[in-house]
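These notes are about the structure you will find just below.
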Amino acid sequence: MRAHNITANGAIDMSSIIDGKAHAARLRERVGEAAAALAEKHGVTPGLTAVLVGDDPASEVYVRSKGKQTRAAGMASFERRLPAQTGEEDLLKLVGELNNDDAVDGILVQLPLPKQIRAERVINAINPQKDVDGFHIENAGALAVGADALLPCTPFGCILLLKEKIGDMSGMHAVVVGRSNIVGKPVAMLLLREHCTVTIAHSRTRDLPEVCRRADILIAAAGRAEMIKGDWIKPGAVVIDVGINRVGDKKLVGDVEFDAAMKNAAAVTPVPGGVGPMTIACLLRNTLVAACRRRGISVPESLRE
Ligand code: NDP
């Protein structure tokens, strides 16, 4: 019998690759339309400020890309740069300033922060209404109890991709590999909200291959290059690979062995070009939503969850 995603001539069936770039472009377009309507009807231009401490090259690339996409969506993009040796108090002072700045609807403190700064303390100093990364303890708590929250961008991006691919996920078994506060736990909460039966696996999980083989939906967020093998994937499963791992000098790979996974899965996100572009698109969406909520303006239908 032919493997699931292999065509008659032995090639991979491209329709089973989840094109995150295309989904993200459509979401950014909707954000752009909403931003234009907001400017026209209410005279409001949402503003996103990225705070960069130090000169980590990967963070530089992310911040530049976020700035470019923010402007392209018709919103204002600001950058605040601080030297690598900045102390925690100075960063907290800047966050306080941005909290009080009416032109700023979203504050993004680029992680990782230098060792002398406690990221948790800084994140929890951000006004939760401006916490467009969705990492503030108030937003994390709201997500956990099912109240209105700004949702963390990467987990939200995963759910949007799944909704487009699967539609109703109710009753499906979702396995999340990873339990971090920024990916694993929130994505598990969101899957629960979609009525999935959720298993969260981590580094102490026994017999991970067997746990993964029971997944209708598999979310890989361990940060381990190609750790998840093709034969860990249940035939017909949908696989979302959050991992970004650099191997060698340039090549980026996910947490899943992509080619092998494609032989079993119904659909897989590639790395790069899967979850990554959705993360930034969700950040823009959150900025627009934050700008509306702060002013008591109703969030456009096209950007609701
Ligand atoms: P963390 O390192 O904070 O968490 C990794 C999680 O994976 C931990 O819970 C850890 O378990 C678990 N884990 C590690 N090794 C194994 C293993 N061998 N078996 C089972 N579980 C394991 O990473 P993040 O959550 O921050 O990020 C995960 C990945 O997602 C990274 O590659 C990161 O680069 C990527 N990422 C991508 C984004 C995007 O936009 N696409 C955004 C954010 C992250 P334990 O808790 O027991 O230690």
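Counting starts at 1 for both ligands and their atoms, following the listed order.
- Residue-level proximity to ligand 1 for T154 is carried by the side chain, the only part with a heavy atom below 4.0 angstrom.
- Among I244, N245, I280, the residue whose heavy atom lies nearest to atom 41 (N) of ligand 1 is I244.
- Counting heavy atoms under 4.0 Å from ligand 1, residue I182 touches it through the side chain alone.
- When side chains are defined from C-beta on, I107 does not count as touching N127, because their heavy atoms never get closer than 4.5 Å.
- Atoms of ligand 1 found under 4.0 Å from any heavy atom of T279 (numbered from 1 in listed order, with element): 39 (C), 40 (O).
- Against a heavy-atom cut-off of under 4.0 Å, L208 is close to the following atoms of ligand 1: 19 (N), 20 (C).
- Hydrophobic clustering of Ile, Leu, Val, Met, Phe, Trp and Tyr side chains at less than 4.5 Å, counting indirect connections, unites V238 with I200.
- The distance from atom CD of E305 to atom CD of E194, rounded to the nearest 0.5 Å, is 9.5 Å.
- For the pair E88 (side chain) and R118 (backbone), a donor-acceptor distance under 3.5 Å is present.
- Given atom 15 (N) of ligand 1, the protein heavy atom at minimum distance is R224 NE, 3.3 Å.
- Salt bridge annotation for D105-R294: present, with a cationic side-chain nitrogen under 4.0 angstrom from a carboxylate oxygen.
- The distance from atom CG of L113 to atom OG1 of T86, rounded to the nearest 0.5 Å, is 10.0 Å.
- Of the protein's heavy atoms, S180 CB, 3.4 Å lies nearest to atom 3 (O) of ligand 1.
- Ion pairing of R30 with E33 is absent here, as no side-chain N (NZ or NE/NH1/NH2) approaches a carboxylate O to less than 4.0 Å.
- Residue-ligand proximity, V275 to ligand 1, at heavy-atom distances under 4.0 Å covers atoms 41 (N).
- In summary, the atoms of ligand 1 found under 4.0 Å from a heavy atom of A221, numbered by their order in the structure, are 5 (C), 6 (C), 7 (O), 28 (C).
- Ion pairing of E29 with R26 is absent here, as no side-chain N (NZ or NE/NH1/NH2) approaches a carboxylate O to less than 4.0 Å.
- The protein atom (non-hydrogen) at minimum distance from atom 11 (O) of ligand 1 is S203 N, 3.3 Å.
- For atom 44 (C) of ligand 1, the nearest non-hydrogen atom of the protein is V183 CG2, 3.9 Å.
- Linking Ile, Leu, Val, Met, Phe, Trp and Tyr whenever their side-chain heavy atoms come within less than 4.5 Å puts V183 and L150 in one cluster.
- Here is the list of ligand 1 atoms found below 4.0 Å of a heavy atom in M227: 17 (C), 18 (N), 19 (N).
- Scanning the protein heavy atoms around atom 36 (N) of ligand 1, the nearest turns out to be V242 O, 3.7 Å.
- With rounding to the nearest 0.5 Å, the separation of CG in L284 from CG in L288 is 9.0 Å.
- Closest to atom 12 (C) of ligand 1, if we only count protein heavy atoms, is G178 CA, 4.0 Å.
- Annotation: atom 8 (C) of ligand 1 to nearest protein heavy atom, R179 N, 4.0 Å.
- Annotation: atom 5 (C) of ligand 1 to nearest protein heavy atom, A222 O, 3.6 Å.
- A salt bridge is defined here as a Lys NZ or Arg NE, NH1 or NH2 lying under 4.0 Å from an Asp or Glu carboxylate O, and R81 with E60 meets this definition.
- Less than 4.0 angstrom separates some heavy atom of G276 from each of these atoms of ligand 1: 40 (O), 41 (N).
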